[in-house]
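Below is one structure, written out as structure tokens; the observations come after it.
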Amino acid sequence: MNEIMKNRMLYLIFAIILILPFVLQDVNFQHITIMFLIFAGLGEGWNIITGFTGQTSFGHAAFFGIGAYTSTIMFYKFGISPWIGMILGALFAAGISAVVSYPCFRLKGHYFAIATLAVAEIIKQLFVSWDYVEGATGISIPVKPDSFWMMQFHKSKIPYFLIAYVLFIVATLVAVAVEKNKMGYYLKAIRESHEAAEALGINTTRYKLYAMMISSAVTAVFGTLYAQYILYIDPFMVFGLDISMKIVLLTVLGGLGSVYGPIIGAAILIPLSEYTRVFLGGTGKGIDLMIYGALIVIVACFEPRGVLGLFRRTKKRGAQYAKTTA
Amino acid sequence: MMFLQVVLTGVLVGSVYSLVAVGLTLVWGLMDIINFAHGDMMMISMYTVFWLYTLLKFDPFVSLPISAGITALLGIVIYKLVIKRVVNAPGLMALLATFGLSLFIRNFAQFLWTPNYRFVGESILSGKRILIADIVIGLPQLIAALGSILMTLLIALFIKRTKTGKAIQATAQSRDIAELMGVNTEKVYAVTFALSGICVGVAGTLLSGIFPVYPEAGAMYGLLAFVIVALGGFGNIWGAFYAGILIGLTEALGGFYLGTQFKYALAFLIYLLVLQFRPKGLFGW
Amino acid sequence: MRKLLVVFAVLLAFTVFAEEVIKIGAIFPLTGPAAATGVKIKYAVEVAQEIINGEHPEIELLLGKSAGLPNLNGAKIQFVFADHQANPELAMAEAERLIRNEGVVALIGCYHSSATKPASQVAEKYGIPFIAGSSSSAALTERGLQWFFRIAPHDGMETVFFFEYLKYLNQKYNANVKKVAVVYIDNEYGVHAAQMVKEKIKDYQADGFSIVADVKYPAGATNVDIEVQKIKGAKPDAIFHASYIGDMTMFVKKYKEFNVVPKVVLSYCGGYQDPQFVINLGKDADYFAGPNATTSALFKKMAILAKINEMYKAKSGVDIDGPTLEDFASAIVIAEAINLAGSTDPQKVLNVLKTGTFMAPYFVSGRIKFGPDGQNIYSASVMTQILDGIYEAVWPEQYQTKEPVPQFPDWNKR
Amino acid sequence: MPRPLLEVQNLTMKFGSLVANDDVSFVVNEGEIVSLIGPNGAGKTTLFNCISGFYKPFSGKVIFDGKDITGKSTHQITSMGLTRTFQIVKPLKDMTVKENVLTGAFLHANSKREAENLTDQVLRMTHLWDKKDMLAGSLTIADKKRLEVARMLATKPKMIMLDEAMAGLNKTEIKEAMELCVNLNKNGMTLLIVEHVMEAIMPISNRVVVLNAGRKIAEGSPQQIINNEEVIKAYLGERYYAKSRQINGGI
């Protein structure tokens with residue numbers, strides 16, 4: 001019963017998001033909604049390896065970038081549809097993540113986190129120096145007439161929104177599916193105690209690997225969409241620490257280890273950063289980022305369980321109140 | 001000859017990394033908190049030196065106690081205002097807080113002092129160098145390196161010999177037990193942040209003669225410090241010191257022989273390789 | 001009473017002109033690693049706005065005399081600034097927001113070529129003119145965009161300019177410059193410049209030039225010691241630099257420390273052109289050279305430039321430099337184009353931009369005209385060299401404010 | 001003839017130059033309760049870790065259910081039916097009691113429903129049913145220990161190893177724990193128990209193995225052990241006599 005209730009909440013969120021850009025036709029608002037969906041989806045993916053499994057990754061930009069570059073190269077060099085690139089990118093990202101994280105899984109805690117950061121920085125440098133993918137120059141994706149198959153839409157942002165929306169729902173449902181099944185319990189057991197998990201018969205390395213592969217595949221899918229949406233990529237933009245940290249921040253802000261966390265976090269952080277920049281960024285004094293930084297600090301200090309913690313607390317308080325009055 | 005020069009450069013550069021990393025490893029090892037604002041505290045120290053130089057004509061070496069004092073104070077303020085509230089928070093909340101702090105400090109610096117790149121033009125050392133055969137040693141670099149080593153030594157002695165230092169060690173082992181033994185852990189944390197501030201304060205001062213002063217000046221140092229601290233083993237002062245030198249050497253030798261664009265990538269690679277053999281860092285157990 | 005009248009008049013003026021404000025988007029890096037330059041450019045664009053909107057008969061520009069655009073009943077221009085933080089994603093988002101929400105009729109920007117690329121694609125999509133002032137990547141004008149224009153010479157043109165200058169030094173001063181080292185930052189700007197050197201050197205091999213070192217360093221480097229040692233080992237006669245102000249300053253300090261004495265150091269549009277270079281390095285900045293759209297030494301020769309600089313300096317505290325002047329020019333040109341078109345209709349403005357020649361008395365070339373690819377065919381640059389702390393124009397000879405010094409003196413003999 | 005389920009053969013474990021287990025051999029037969037006792041630092045937990053795959057023994061063999069499990073990883077050993085609890089409890093803190101047990105139940109369940117049924121069964125058996133929705137981190141120490149056992153039972157083991165499952169419990173709690181052990185044993189479970197609380201395990205053990213300084217110094221029925229002089233010297237001391245008499249008398 002409880003599970004159905006919870007999912008109902010999720011469907012309500014999905015429904016609300018769907019109507020947003022149709023109600024508010026402002027193009028900047030639509031853009032923010034798309035970025036929100038992309039980053040909420042990225043957060044869902046990252047949450048699987050870090051929130052559920054407890055293996056902190058500071059290097060998810062690596063998989064984001066692989067997704068962005070796979071589809072872009074295929075489209076740019078061979079005219080292959082980004083949809084195919086998206087699938088291949090996800091497969092590549094899963095494969096590469098398995099290869100690079102397998103040796104890293106021996107590392108615990110922060111040692112692992114720094115290792116993921118190192119892997120992402122190395123991959124970034126490889127792409128910067130790789131002439132075949134145009135290196136540091138980056139790639140401007142050629143503008144083609146509107147086409148679903150080529151994932152290009154110039155008349156309206158709605159198609160991009162719808163694609164982002166569908167991918168976001170897929171990512172969220174993947175996270176839900178992982179969480180509610182055997183795998184989710186296993187991952188959480190690994191997070192809570194490696195040894196206890198082993199003693200319960202869980203092949204921790206294998207499950208961490210699964211989690212990493214699913215997580216990076218989800219991340220790569222959004223990388224492809226991002227590249228197609230911005231129509232330009234370079235290694236600094238898609239492999240940068242900024243992307244990795246943004247994913248970390250919004251999920252932690254929303255609430256780590258919950259399907260709702262990334263949605264709440266992205267719903268706060270993305271509009272906040274966009275609107276502070278829009279209203280204050282033109283001054284050239286850095287006021288927007290000052291406010292943005294200060295707000296993050298304030299949330300962290302006063303709501304250390306994430307914004308989701310706040311919801312849970314008020315809910316509990318409400319329940320207690322109901323009890324006492326009844 | 002060239003090889004020697006390159007090695008020497010690596011050691012000189014690395015010793016400054018060490019000092020930045022020592023400050024970070026103190027906090028990290030003790031409180032298990034990743035301080036993203038560490039590099040930005042260093043940037044504040046560089047600005048202190050710069051303004052004392054520009055407005056009052058203080059030589060950077062005269063400003064050293066002042067800038068170190070200011071960053072120490074900044075460390076305490078950061079602890080009291082922010083870290084204290086998140087030190088027991090679950091997950092990565094503390095990281096979120098320090099990241100926000102870093103963003104705030106950087107942009108506050110831009111707000112106050114514009115984003116311009118500035119330099120401390122003249123100091124008693126600037127332009128001076130030592131020539132041994134063909135090998136060049138810049139005096140500012142040498143002093144920076146020696147200063148780093150001295151400072152690391154002092155910090156290590158402080159931790160080992162003084163009562164406060166022992167309290168820090170005890171708290172790092174187990175906060176609860178330390179509290180039972182009558183250690184005021186809050187005070188210990190504040191002192192550690194102050195020490196960490198002094199480290200970056202000194203590092204910033206020593207660097208201000210050779211590195212531009214601008215709001216993002218601490219960014220790359222902060223990032224490298226993460227890797228160095230992990231490479232040396234969290235909380236291990238000498239580990240951070242040697243790891244700093246190792247990263248400096250990797251950067252120099254790798255950069256020289258394989259291509260300078262790879263120098264940071266190689267530093268990251270060294271981390272990954274070393275950790276395959278020592279999963280808790282060079283000196284971690 | 002008089003005060004009241006004035007207030008009334010001002011209010012009236014506001015209500016009259018309120019609807020006749022033409023908005024133009026200006027996207028620059030106002031925070032982040034390149035904020036120093038972005039903020040300066042913002043000042044320059046604000047100066048352009050003042051000149052266009054106010055009455056500045058002393059500045060002999062088309063739009064200087066009158067307040068506003070005369071062909072549009074004195075309509076005012078308003079530049080709407082946006083920050084891209086050196087992030088292409090934000091440049092794209094801001095371009096779209098400015099066009100759709102702010103209703104801008106044209107865009108200028110973005111300093112970073114990597115930001116200009118997606119932003120100008122947005123302009124292309126909406127059919128709105130985009131003028132890049134200082135973005136120098138040659139790739140920008142190779143994309144076949146209809147609505148994109150660029151004022152600065154691109155790095156390919158700059159490279160040719162470099163070799164021609166070296167040839168001039170060799171012929172006139174017998175400088176015997178042959179071996180070239182390319183030193184560049186590992187990003188869009190640096191890598192593209194280096195590619196151009198490797199491409200253009202083919203045309204100059206006959207003149208004896210060769211590349212002896214190719215030193216690429218990572219962005220945000222903490223030191224450049226190793227880079228300088230590599231350069232020293234290659235013993236180049238000339239160094240081509242593609243560096244920003246922070247790295248460039250570190251390089252100069254290290255050249256001094258390691259006693260690297262090339263004959264010539266030429267810098268692509270970047271750190272060298274920033275007057276902060278001289279402020280930071282003092283005497284050590286002397287003898288470095290590079291193409292620049294302007295220099296303070298030219299102020300004596302060019303009265304208009306001097307007046308523009310006066311206004312700019314009041315805001316920024318420093319003299320106007322090349323990239324900044326190029327973005328200033330982009331602001332002036334778009335306003336003039338709108339004025340000439342007599343309308344904000346993008347198609348009409350586009351026609352003016354494609355066919356017209358714009359007077360640019362603040363450039364040594366004196367005018368701006370865009371070729372079919374959108375590139376300004378008149379290179380606005382002169383070769384400058386810092387002599388006694390002043391950017392002197394040294395080549396071509398007709399603009400010379402001082403003769404070039406073709407050989408770096410030893411560092412201890414300065 | 002009882003069938004040996006677990007055989008430890010000449011097991012030696014070293015950490016650097018420190019010998020934690022020195023040539024230890026013993027057998028646990030199917031359906032038995034065997035206790036492993038010894039003073040602090042005798043190497044009991046190390047032996048547990050070697051058997052359960054957390055450590056790879058330096059030399060010697062561990063045979064479980066006829067198969068050599070030496071050097072196999074913990075999760076493999078658990079899937080084969082040999083599982084353990086931890087001296088320092090390791091509850092999955094941020095999960096509820098039910099989720100803790102469910103995690104174990106997935107090992108041999110083919111569907112979530114099957115796992116849930118098994119979980120309910122185990123929760124009732126271990127008297128944790130009322131607390132099933134509490135977070136494991138908020139349980140009392142006694143309940144946490146019970147949860148360790150419950151989680152382990154959910155993996156459907158053939159044999160379980162309890163590492164000081166009664167330390168830190170009060171008398172009633174110890175009694176409950178003892179009853180649980182006996183009940184399990186009656187249902188056919190084989191148990192190997194490391195314990196300090198002599199009073200608790202002596203009455204329920206079939207056999208006792210005594211370790212001292214890494215070596216096995218005695219093995220036999222509880223009565224034999226109580227009367228073994230070496231054991232008394234090394235470990236039990238006079239105090240035990242008085243106490244065990246009291247308890248035995250009490251029961």
Side-chain angles (χ1 to χ4, degrees), chain A residues 25-32 34-35 38 121 124-125 128-129 131 134-143 146 152-157 226-227 229-238 240-243 246 273-290 292, chain C residues 26-32 35 38-43 79-94 96-102 113-122 124-126 137 139-140 143-145 184-192 194-195 216 218-219:
Chain A
Q25 293 246 336
D26 172 74
V27 69
N28 190 41
F29 181 79
Q30 288 176 347
H31 168 74
I32 291 171
I34 293 168
M35 294 317 287
I38 290 178
E121 288 294 309
K124 175 173 98 184
Q125 190 56 49
V128 170
S129 310
D131 284 339
E134 309 280 330
T137 327
I139 299 172
S140 273
I141 296 172
V143 175
D146 278 23
Q152 286 206 9
F153 313 95
H154 307 292
K155 295 192 183 79
S156 153
K157 282 187 178 302
Y226 182 85
Y229 177 56
I230 307 293
L231 292 176
Y232 169 80
I233 57 168
D234 67 36
F236 305 99
M237 171 183 174
V238 293
L241 188 61
D242 285 355
I243 294 275
K246 208 168 178 178
S273 73
E274 295 282 329
Y275 282 118
T276 47
R277 195 189 70 247
V278 165
F279 289 118
L280 299 165
T283 59
K285 288 194 178 293
I287 300 173
D288 54 330
L289 291 175
M290 247 165 79
Y292 181 61
Chain C
I27 311 168
F28 293 103
L30 300 176
T31 55
V39 171
K40 276 193 195 130
I41 292 172
K42 178 170 183 273
Y43 290 137
F79 288 96
V80 184
F81 290 95
D83 176 19
H84 66 62
Q85 300 172 11
N87 181 343
E89 172 206 320
L90 300 185
M92 174 254 178
E94 289 293 349
E96 189 141 35
R97 180 180 68 86
L98 289 172
I99 294 170
R100 293 289 297 268
N101 289 20
E102 297 288 340
S113 298
S114 57
T116 304
K117 278 178 190 172
S120 54
Q121 271 175 339
V122 173
E124 185 82 5
K125 186 166 99 180
Y126 285 103
S137 169
L140 285 172
R143 295 174 300 169
L145 297 189
Y184 55 104
I185 188 164
D186 195 0
N187 70 8
E188 219 281 320
Y189 155 66
V191 169
H192 210 272
Q195 278 172 5
K216 175 155 60 160

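Sequence lines set the chain letters: A, B, ... in the order given, protein chains first and strands last, and positions in each chain run from 1. Note that these values count all heavy atoms, side chains included, but never hydrogens, waters or copies made by symmetry.
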Go through the steps for Arg277(A) and Leu90(C) under the test side chain to side chain contact (heavy atoms under 4.5 Å, CB included), then give the verdict. CA-CA 10 Å; Arg277(A) 195 189 70 247; Leu90(C) 300 185; 3.2 Å; yes

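Contacts between Ala93(C) and chain A at a heavy-atom distance below 4.5 Å involve backbone atoms as well as side-chain atoms. At a 4.5 Å heavy-atom cutoff, Asp242(A) makes no contact with chain C through either its backbone or its side chain. Both the backbone and the side chain of Leu231(A) come within contact range of chain C, judged by heavy atoms closer than 4.5 Å. For Phe29(A), no part lies under 4.5 angstrom from a heavy atom of chain C. Using a 4.5 Å cut-off between heavy atoms, His31(A) contacts chain C through its side chain alone, with no backbone atom that close. Proximity to chain A (any heavy atom under 4.5 Å) is restricted, for Tyr126(C), to the side chain, taken from C-beta onward.
Of the listed residues (Ala26(C), Ser114(C), Gly38(C)), the greatest number of heavy-atom pairs within a distance under 4.5 Å of chain A belongs to Ser114(C). In terms of non-hydrogen atom pairs under 4.5 Å with chain A, the most contact-rich of Asp186(C), Asn187(C), Val191(C) is Asp186(C). Among Gln195(C), His192(C), Glu96(C), His84(C), the residue making the largest number of heavy-atom pairs under 4.5 Å with chain A is Glu96(C). Counting heavy-atom pairs closer than 4.5 Å to chain C, the top residue among Ile32(A), Val128(A), Asn28(A) is Asn28(A). Of the listed residues (Lys117(C), Glu89(C), Arg100(C), Glu94(C)), the one with the most heavy-atom contacts under 4.5 Å to chain A is Glu89(C).
Rounded to the nearest 0.5 Å, atoms CG (Asp83(C)) and CG (Asp288(A)) are 6.0 Å apart. Atoms OG and CG, on Ser140(A) and Leu140(C) in that order, are 8.0 Å from each other to the nearest 0.5 Å.
Across all their heavy atoms, Asn87(C) and Met237(A) have their closest contact at OD1-CG, 4.3 Å. The nearest pair of heavy atoms linking Glu188(C) to Tyr232(A) is CG-OH, 4.1 Å.
For the pair Arg97(C) and Glu274(A), the salt-bridge criterion is not met [side-chain N within less than 4.0 Å of a carboxylate O].
Residues Gln85(C) and Leu289(A) have side chains in contact (heavy-atom distance under 4.5 Å, counting atoms from C-beta outward).
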